[in-house]
Amino acid sequence: MRNAILTVFWLVFAVMPAITLAQSIVIKFPHDLAPTTPKGQGADYFKRIVEERLPDRVSVEIYPSGSLINDQASLEALAFGEIQMIAISLSKLDRLTKRFQVFDLPFLFADMAQVEAFQGGSVGQELLSELEGRGLLGLAYWHNGTKQLTAGTPLRVPEDAEGLEFRIMDSDVLLEQILAIGGNPQKMPFTEVYQALQMGAVDAQENTWSNIEASKFYEVQEFITLTDHGYIGYFVAVNPDFWRGLPADVRSVLDEALAETTEFVNSTAREINAEARATVLASGRNTLIELSTEEREQWRGAMRPVWDKFSGDIGPELLEAAGGSVH
Ligand code: LMR
């Protein structure tokens, strides 16, 4: 009798949880932003619908705000299978391939329709598998929005940027872009930016309204110049071995959930950025600098030489597909 009780005890407490654990697939999905941003909301949305549709089979662990790992380190962690999913700024793929540099060319995209035509077209879709051999299989593009310049001093014309320290993402195109306007670029992980701005280690930076608001950059940067000079979007990627090793039925539910999430993110990002802009302006802390057509042309002209430096590496096919040849 005692043995029978022990056997039942052993089955219930030792073997059953192991079986459940064996069936449960964990997707670790760290990112660098607050949950309120387009990426943060997308990650949470994906988790919710996946766990609803695959209860006890898949759990999605979201680590926002760089709480597990920063963006730079996440590229390697994904390739080594330490995490399973990322949504990283396209700019930060620069050190792995030159081809993604197209996304950083200043003033390339006139609007989101142009971005979407490129990403959804055959060349943009082929780019998703460009890094598969490096352990990063792209599955989707998510939008954030267009970049504005922020600084502690007013930036109305490119000469105003002369000598200022600018934080930039890990991208050589962005580095040249800041040099072209006379600034000193500093590559820095997103998670360090607020403090660098607050301490005065850097004077200025470029980002979307949702990032400026969610990470409180507006509290430490008085001036915001509406330039819309570049795009921030994300490469949503998985570890290829992990993904291909999933049971087919699980993977098809995940594919569907990701497609729905992409639709959700890309249809709400504009509104999230508009709300963030309203929140920032309502704080009364900032001076918004709206450019005249002539002033905007000055920024475009000053940054234009960057194209000549990178268009050779990017290649005419990509530039053409992104609409680069029309500018
Ligand atoms: C940045 O580092 O400024 C942005 O890429 C952060 C993000 O993920 O949007």
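Worth knowing before you read on, the calculation uses all heavy atoms, side chains too, and leaves out hydrogens, waters and symmetry mates. Atoms within a ligand are numbered from 1 in the order they appear, just like the ligands themselves.
- Residue contacts with ligand 1, taken as heavy atom pairs separated by less than 4.0 Å, do not involve Thr37 at all.
- Side-chain atoms of Gln101 and Asp94 include a donor-acceptor pair closer than 3.5 Å.
- With hydrogens and angles left out, the side-chain atoms of Asn207 and Gln148 include no donor and acceptor closer than 3.5 Å.
- Using cut-offs of 30° and 60° for the angle between ring planes, the Trp142 and Phe29 rings count as tilted.
- The part of Leu33 lying near ligand 1 is the side chain, judged by heavy-atom distances below 4.0 Å.
- When only modelled atom types and interatomic distance are considered, Thr37 and Asn144 share no side-chain donor-acceptor pair under 3.5 Å.
- When all heavy atoms are compared, the tightest approach of Leu96 to Arg134 is O-NH1, 3.1 Å.
- Of the heavy atoms in Ile88, none comes closer than 4.0 Å to ligand 1.
- A heavy-atom distance below 4.5 Å is not found between the side chains of Tyr231 and Leu108.
- Under 4.0 Å from ligand 1, the heavy atoms of Arg167 that appear belong solely to its side chain.
- Given atom 5 (O) of ligand 1, the protein heavy atom at minimum distance is Met169 SD, 2.9 Å.
- In this structure, the protein non-hydrogen atom closest to atom 9 (O) of ligand 1 is Tyr234 OH, 2.4 Å.
- At least one heavy atom of Lys92 sits closer than 4.0 Å to an atom of ligand 1.
- Protein heavy atom in closest approach to atom 6 (C) of ligand 1: Asp32 OD2, 3.4 Å.
- Contacts of Gln205 with ligand 1, taken as heavy-atom pairs under 4.0 Å, are absent altogether.
- Close contacts of ligand 1 with Asn211, meaning ligand atoms under 4.0 Å from a residue heavy atom, involve 4 (C), 6 (C), 7 (C), 9 (O).
- Short contacts between ligand 1 and Ser89, defined as distances under 4.0 Å to a heavy atom of the residue, involve ligand atoms 5 (O).
- Aromatic ring centres of Tyr234 and Phe103: separated by at least 6.0 Å.
- Taking atom 1 (C) of ligand 1 as the reference point, the nearest protein heavy-atom neighbour is Phe190 CD1, 3.3 Å.
- Those atoms of ligand 1 with a heavy atom of Lys39 less than 4.0 angstrom away are 7 (C), 8 (O).
- The shortest heavy-atom contact between Pro106 and Val173 is CD-CG1, 4.5 Å.
- Counting only heavy atoms from C-beta outward, the side chains of His229 and Leu149 approach each other to under 4.5 Å.
- Under a 4.0 Å heavy-atom criterion, Glu206 is not in contact with ligand 1.
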